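Quantities reported herein were computed from a predicted structural model and do not represent experimental measurements. The sequence lines fix the lettering, A, B, ..., with proteins before strands; numbering per chain opens at 1.
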Amino acid sequence: MKLKLDFYQRDGVNVAQDLLGKLLVRELDGQKIISKIVETEAYIGPEDKACHAYQNKRTKRTEVMFGRAGNAYIYLIYGMYNCLNIVTASVGKPEAVLIRAVEPIEGLDTIRKYRQIKSKKVEDLTNGPGKLCQALAIDKKLNGYDMTYGDKLYVLDSNYKLEVVKDKRINIDYAEEYKEKLWRFYIKGNPFVSR
DNA sequence: TAAGTGATTTGCT
DNA sequence: GCAAATCACTTAA
């Protein structure tokens with residue numbers, strides 16, 4: 001079952017937790033890549049200093065976050081890496097969940113085609129936000145993509161048993177007190193979780 | 001550990 | 001308009 005609008009149309013922190021263990025599906029060129037979401041972070045617009053849309057700052061880039069829940073928010077960071085977020089809450093509320101890491105389930109060959117690395121370790125394919133985007137061939141063409149409707153990128157429901165760990169977010173030193181927020185979630189013991 | 005990388009935003013004109 | 005600063009990361013040592 002594909003996750004529907006009502007799943008995303010909730011508080012970003014809850015959506016972030018509930019997305020763990022769900023299946024992220026990417027289809028392209030007739031190939032299907034299925035991966036399990038193992039790590040997420042919540043970005044809560046108006047109050048969160050780490051969020052691009054802090055204090056409801058609305059620019060061309062953050063526009064998508066103000067839009068409908070279930071849309072993909074993809075942006076380029078550090079000049080070369082894409083990050084995948086899913087917009088949550090309702091229209092006008094800039095909230096999103098960053099997908100930080102996934103575990104490949106199906107379509108390893110396709111993943112390797114898009115992300116060629118020296119490392120033999122499977123973990124290195126998708127254990128980070130930029131890596132997973134390379135692996136799934138996600139770029140800005142998919143920005144604003146409707147994941148509750150489209151077939152190229154969406155999330156399937158699942159019933160994995162898992163233990164959720166709450167932690168501080170990382171790599172957002174500039175966010176001052178908000179970097180202490182426990183808005184990062186990951187599956188305990190999963191090898192694909194980034195440091 | 002450190003540096004590369006360029007789109008985006010901001011703060012001047 | 002243009003220039004400078006910023007940055008939700010990765011890789012190779």
Side-chain angles (χ1 to χ4, degrees), chain A residues 8 11-17 19-20 24 35 37-67 69 71-89 93-104 111-112 114-145 147 153 155 165-187 191-195:
Chain A
Y8 300 109
D11 183 67
V13 178
N14 289 318
V15 177
Q17 284 184 76
L19 273 174
L20 291 177
L24 180 67
S35 57
I37 298 173
V38 300
E39 186 179 357
T40 61
E41 279 182 13
Y43 286 85
I44 308 304
E47 58 168 304
D48 183 1
K49 285 188 185 169
C51 184
H52 292 154
Y54 175 51
Q55 284 184 334
N56 287 312
K57 192 165 64 162
R58 192 164 188 150
T59 64
K60 203 183 274 177
R61 183 175 60 161
T62 61
E63 191 66 33
V64 183
M65 274 201 278
F66 288 87
N71 285 357
Y73 170 44
I74 295 157
Y75 67 95
L76 198 62
I77 192 65
Y78 300 117
M80 32 170 94
Y81 301 108
N82 293 298
C83 288
L84 169 64
N85 302 245
I86 304 176
V87 177
T88 66
K93 270 195 190 167
E95 297 189 11
V97 175
L98 169 67
I99 310 296
R100 286 194 61 82
V102 300
E103 173 182 341
I111 289 178
R112 287 188 190 281
Y114 289 106
R115 176 165 165 73
Q116 288 168 5
I117 52 173
K118 294 173 193 161
S119 171
K120 282 271 193 302
K121 289 197 298 196
V122 189
E123 294 91 40
D124 287 334
L125 287 171
T126 55
N127 63 346
K131 296 179 183 179
L132 117 214
C133 283
Q134 271 187 36
L136 302 193
I138 290 171
D139 62 26
K140 288 183 51 198
K141 287 199 289 293
L142 286 166
N143 192 28
Y145 190 81
M147 297 176 68
L153 183 67
V155 182
V165 182
K166 291 185 196 181
D167 206 348
K168 294 177 192 173
R169 290 179 293 177
I170 50 181
N171 278 318
I172 49 165
D173 292 345
Y174 58 89
E176 299 173 36
E177 70 270 23
Y178 275 90
K179 73 180 176 198
E180 301 297 324
K181 292 278 180 193
L182 300 179
W183 285 348
R184 170 172 174 241
F185 307 96
Y186 57 91
I187 297 176
F192 289 87
V193 173
S194 62
R195 270 162 285 144

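Across B:dA7, C:dT11, C:dC7, the shortest atom-to-atom separation from the side chain of A:I77 is found for C:dC7. With C:dC9, B:dG4, C:dT11 as the candidates, the nucleotide lying closest to the side chain of A:K131 is C:dT11. The side chain of A:K140 approaches B:dA7 more closely than any other nucleotide in the set C:dC9, C:dT11, B:dA7. For A:R100, counting side-chain heavy atoms from C-beta on, the closest listed nucleotide (C:dT11, C:dC9, B:dT5) is C:dC9.
Counting any heavy atom pair closer than 4.0 Å across all strands shown, A:R115 reaches sugar-phosphate atoms only and no base atom. The residue A:L98 sits close to a base: some heavy atom pair falls under 4.0 Å.
Looking only at distances, no side-chain donor or acceptor of A:E41 sits under 3.5 Å from a matching main-chain atom of A:R169. Remark: side-chain polar atoms of A:Q17 are not paired, donor with acceptor, to backbone N or O of A:F185 under 3.5 angstrom. Without hydrogens or angle criteria, A:N71 side chain to A:V87 main chain gives no donor-acceptor distance under 3.5 Å. Side-chain N or O atoms of A:N127 include none that pairs as donor or acceptor with a backbone N or O of A:S194 at under 3.5 Å. At least one donor-acceptor pair closer than 3.5 Å links the side chain of A:R115 to the backbone N or O of A:L125. Side chain of A:T62 to backbone of A:A53: no donor-acceptor contact under 3.5 angstrom is found. Panel note: side chain A:Y178, backbone A:E47; a donor-acceptor pair is recorded below 3.5 Å.
Nucleotide C:dA5 holds its C1' atom 14 Å from the NE2 atom of A:H52, rounded to whole Å. For the pair A:R58 CZ and B:dT8 C1', the computed distance is 17 Å after rounding to whole Å. Rounded to a whole Å, the CG atom of A:L76 is 6 Å from the C1' atom of B:dA7. Going from atom CD of A:E41 over to atom C1' of C:dC9 covers 12 Å, rounded to whole Å. A:I74 has its CD1 atom 16 Å from the C1' atom of B:dT8, to the nearest Å. Between A:E63 atom CD and B:dA7 atom P the separation is 21 Å, expressed in whole Å. Rounded to an integer number of Å, the gap from A:Q134 CD to C:dT10 P is 9 Å. A:M80 has its CE atom 17 Å from the P atom of C:dC7, to the nearest Å.
Two residues are said to be in side-chain contact when any heavy atoms from C-beta on lie closer than 4.5 Å; A:V155 and A:I86 meet this criterion.
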Expected output check: what is the dot-bracket annotation of DNA chain C, where ( ) and [ ] are pairs inside the strand (brackets for crossing ones), | is paired with another strand, and pairs are Watson-Crick or G-U under 3.5 Å? |||||||.||||.
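Only one option out of A:E103, A:R100, A:E39 pairs with A:F192 in a side-chain contact (heavy atoms from CB on, under 4.5 Å); it is A:E103.
Ring planes of A:H52 and A:Y75: perpendicular class, angle over 60° (limits at 30 and 60°).
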List every contact pair, protein side and nucleotides 9-13 of chain B side both N or O, where the distance is under 3.5 Å.
unit_1, atom_1, unit_2, atom_2, d
B:dT9, OP1, A:T59, OG1, 2.3
B:dT9, OP1, A:R61, N, 2.9
B:dT10, OP1, A:K57, NZ, 2.8

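Contact check, A:K118 against C:dT11: no side-chain N or O comes under 4.0 Å of OP1 or OP2. Of the side-chain N and O atoms in A:K49, none sit less than 4.0 angstrom from OP1 or OP2 of C:dC7.
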